[in-house]
Amino acid sequence: MPPPVAALLYHPVGPVPTRTGPTSQQDRNHFLISLRETGAVHFRTRFPLRFGHLTVSAEKKQFPELRTRKSGFVKVADSEIFSVEKDDGENSGSEVGWLPSFPHVLVASMSNFLFGYHIGVMNGPIVSVARELGFEGNTILEGLVVSIFIAGAFLGSACSASIIDKLGCRRTFQLVTIPLILGALISAQAHSLYEVLWGRFLVGLGIGVNTVLVPIYISEVAPTKYRGSLGSICQVGTCFGIISSLFLGLPSENDPHWWRTLLYFASIPGFVLVFGMQFAVDSPRWLCKVGRKDEAKIVIQNLWGESEVERAISDFEAVIKDDDVNSNWLELLEEPHSRVAVIGASLFVLQQFSGINGVLYFSSLTFQDVGISSSASASLLVGITNFIGSMLVSYLVDKQGRQKLLVGSYGGMAVSMFLVATAITFPVEEQLGHNLSILGTLLYIFSFALGAGPITGLIIPELSSNRTRGKVMGFSFSVHWICNFLVGLFFLDLVEKFGVAPVYATFGGVSLLAAIFASYFIVETKGRSLEEIEMSLNPNFAARDDEGEESRGGACDAVVAD
């Protein structure tokens with residue numbers, strides 16, 4: 001049983017009236033008192049002072065609300081004594097926008113394209129592979145060929161943090177693409193079952209590292225204002241990879257050897273990724289952490305704008321410790337890292353047990369009931385629905401926020417599953433029942449693409465600290481792969497024993513539980529820099545600020561009184 005999740009709760013109060021400055025001693029005292037009692041503003045006397053009221057609650061175990069700071073100056077007696085940082089919920093953004101970061105994000109998303117491609121590449125041709133290599137009819141071995149990459153992915157996710165911390169994101173991309181390329185080529189040239197299994201395992205190894213690496217990289221190079229939109233490109237890349245594999249796999253229905261060509265194709269994006277990363281930037285946060293501050297400044301200037309350089313470096317240094325590179329797994333048992341690790345793992349448990357893989361597997365049978373007999377055509381329709389939802393979420397995520405989309409996504413998934421279960425259980429006209437099942441399935445896929453799919457991988461690195469981001473992501477994705485395997489292992493047995501309707505109703509119940517979990521435990525990170533989020537959620541920073549307030553508060557009073 002994991003330790004209880006403690007949290008800091010922020011108590012908001014009303015806005016402070018705008019003032020140009022006190023004109024008498026009485027006004028000055030009243031002005032200082034009103035500002036100190038307000039959690040929506042913060043002060044500086046050449047250094048940050050925070051007066052937000054944070055309390056620890058054992059009953060309501062959720063993160064505090066996060067605040068975005070926007071600085072302005074209040075003049076007292078014609079002197080700039082302190083700055084007021086208003087919590088207006090807006091983000092000034094970057095002076096250069098999202099375009100400079102986009103090519104780097106696009107190259108990184110090639111990893112997700114490979115992920116999606118390898119998800120779809122074996123679904124259709126597995127029969128041809130089994131026939132040619134001599135294990136046709138053995139469902140256990142056929143399932144092993146399709147799913148052995150999960151074992152590799154689990155191992156890759158578990159080992160990813162150490163590699164990323166040591167080499168940085170850019171070199172890690174290039175390194176882990178090697179098993180992706182080799183695995184595809186070994187599988188394409190295989191003449192035995194063992195060669196196919198070895199190739200698929202290598203592919204899984206690379207996929208496991210990349211599923212952790214891509215969200216971290218994008219979250220650390222994207223401008224704060226566009227981090228959500230750029231981060232959701234991961235899901236778009238995955239969908240595009242699935243659709244591409246389905247399109248390219250159509251000839252396999254007539255050509256029994258086409259599966260080899262498909263696997264040769266899988267190596268091409270890997271070479272593109274290795275080459276593209278040669279020209280991509282490394283994470284400025286990692287560069288600063290390992291002491292390459294000058295390189296970090298150049299990256300920030302090129303991606304976020306020159307005006308962001310000094311502020312960003314200052315924020316990085318505020319959260320970086322001298323031994324950050326040497327963080328260890330035991331730190332995930334300590335606060336606040338344990339909270340984020342538990343929440344990250346819980347999000348993936350809920351995501352997988354809400355039934356996405358089961359619904360995708362069963363969708364082809366659902367479409368057969370309405371006359372769509374081709375499994376490739378059914379999968380293509382599902383893939384297009386997923387792609388449309390992924391494109392829409394890239395537009396909405398930085399406008400509506402992560403939490404709202406996550407709650408709405410799981411709510412839509414719950415309604416969809418209950419709709420399908422109802423259509424199957426209650427006596428309705430046969431064609432109407434089939435149509436409701438199709439509608440529920442497509443609505444489920446669309447709802448998943450709007451939040452549960454992309455937001456889960458996006459928000460975990462945002463909530464994680466700079467010190468443990470890689471390890472939190474590695475742990476969370478390891479849990480993801482375990483749950484993925486369990487759903488795939490038991491889904492058909494559960495359907496055979498209990499029927500489709502009860503299983504789908506259970507998926508709907510888990511989705512509803514996930515919506516409640518997201519509304520209760522997930523805070524909104526939209527428009528906040530990673531350093532702001534870390535300092536807001538880490539009680540060590542809060543304690544440091546409280547000490548600073550006590551030691552410097554008197555000095556501020558003395559200056560105003562003069």
Quick check: does any side chain N or O of Ser162 sit under 3.5 Å from a backbone N or O of Cys159, one acting as donor and the other as acceptor? no

Within this structure, what is the CD1-SG distance for the pair Ile233 and Cys239, rounded to the nearest 0.5 Å? 12.5 Å

Contacts satisfying salt bridge (charged side-chain N to carboxylate O under 4.0 Å, His left out) that involve residues 257-267 (not counting sequence neighbours) are Glu132-Arg260

To check you understand the geometry: which heavy-atom pair defines the closest contact between Ser101 and Leu230, and what is its length? CB-CD1, 4.1 Å

Would you say the side-chain atoms of Ser465 pair up with the backbone N or O of Thr468, donor to acceptor, closer than 3.5 Å? yes

Taking the side chain as everything from C-beta on, heavy atoms only, tell me whether Ser245 gets closer than 4.5 Å to Ile119. no

Assess whether side chain to side chain contact (heavy atoms under 4.5 Å, CB included) is satisfied between Val359 and Phe448, documenting all intermediate values. CA-CA 11 Å; Val359 173; Phe448 178 85; over 6 Å; no

Any donor-acceptor pair under 3.5 Å linking the side chain of Thr385 with the backbone of Leu381? yes

Does Ser219 reach the main-chain N or O of Pro461 with its side chain, forming a donor-acceptor pair under 3.5 Å? no

Measuring from Trp481:CH2 to Ser157:OG, what's the distance to the nearest 0.5 Å? 6.5 Å

Determine the minimum heavy-atom distance between Thr525 and Arg402, stating which atoms define it. OG1-NE, 3.4 Å

Kindly indicate whether the side chain of Ile455, heavy atoms from C-beta on, has any atom under 4.5 Å from the side chain of Ile522. no

Okay, side chain of Trp258, backbone of Leu248: is any donor-acceptor separation there less than 3.5 Å? yes

Distance-minimising heavy-atom pair for Phe113 and Pro269: CE2-CG, 3.6 Å

Non-hydrogen side-chain atoms of Cys234 and Ile218 separated by less than 4.5 Å: yes

Please examine the side chains of Gln351 and Tyr410, heavy atoms only from C-beta on, and report whether any two atoms are closer than 4.5 Å. yes

Whether Glu331 and Lys471 form a salt bridge (side-chain N of Lys/Arg under 4.0 Å from carboxylate O of Asp/Glu) is what I want to check. no

If only atom types and distance count, is the side chain of Tyr226 paired as donor or acceptor with the main-chain N or O of Gly231 below 3.5 Å? no

Taking side chain as C-beta onward, heavy atoms only, is Val397 less than 4.5 Å from Lys526? no

Please give me the minimum heavy-atom distance between Val393 and Leu450, naming the atom from each residue. CG2-O, 3.1 Å

Main-chain N/O of Val319 paired with Asn466 side-chain donor or acceptor, under 3.5 Å: no

Can Phe135 and Leu133 be said to form a side chain to side chain contact (heavy atoms under 4.5 Å, CB included), step by step? CA-CA 6 Å; Phe135 57 93; Leu133 299 183; 3.7 Å; yes

Tell me, do Thr224 and Arg227 make a side-chain contact under 4.5 Å, heavy atoms counted? yes

Looking at Ala518, is its backbone amide N or carbonyl O close enough to the side chain of Gln403 to form a donor-acceptor pair, meaning the two atoms are under 3.5 Å apart? yes

Under the criterion side chain to side chain contact (heavy atoms under 4.5 Å, CB included), I'd like the reasoning laid out for Tyr264 against Gln189: C-alpha separation, chi angles, the key distance, then a yes or no. CA-CA 9 Å; Tyr264 279 123; Gln189 299 179 22; 3.0 Å; yes

In Å, rounded to the nearest 0.5 Å, how long is the span from CD of Gln352 to CZ of Phe507? 10.5 Å

So Met277 and His104, do their side chains get closer than 4.5 Å, heavy atoms only? no

Check Glu220 with Arg469, please: is the shortest side-chain N to carboxylate O separation under 4.0 Å? yes

Nearest 0.5 Å, what's the CG-OG distance between Leu347 and Ser476? 8.0 Å

Please test Ser192 against Glu195 for side-chain hydrogen bond (donor to acceptor under 3.5 Å, both in side chains), starting from the C-alpha separation and ending with a verdict. CA-CA 5 Å; Ser192 69; Glu195 289 177 287; 3.3 Å; yes

For Leu512 and Ala414 the tightest heavy-atom approach is N-CB, 3.9 Å

So, Phe173 versus Tyr217, ring centres under 6.0 angstrom or not? yes

For the side chain of Gln174 and the backbone of Val274, is there at least one donor-acceptor N/O pair under 3.5 Å apart? yes

Side-chain touch Leu333/Ser338, heavy atoms, less than 4.5 angstrom: no

Say you draw a straight line from CE of Met413 to OH of Tyr444; how long is it, rounded to the nearest 0.5 Å? 3.5 Å

Using ring pair (Phe, Tyr, Trp, His ring centres under 6.0 Å), reason through Phe201 and Phe149 one step at a time and then give a plain yes or no. CA-CA 5 Å; Phe201 178 81; Phe149 82 94; over 10 Å; no

What's the verdict on side chain to side chain contact (heavy atoms under 4.5 Å, CB included) for Ile482 and Val349, showing C-alpha distance, side-chain angles and the deciding distance? CA-CA 9 Å; Ile482 293 174; Val349 169; over 6 Å; no

Taking atom CZ of Phe485 as the centre, report whether more than 12 heavy atoms of other residues, nucleotides or ligands fall under 6.0 Å from it. no

Once you round to the nearest 0.5 Å, how far does CG of Asn210 lie from OG1 of Thr172? 9.5 Å

Check: Ala184 main-chain N/O paired with Ser267 side-chain donor or acceptor under 3.5 Å: no

Looking only at non-hydrogen atoms, find the nearest pair between Ala296 and Cys288 and report the distance. CB-N, 4.1 Å

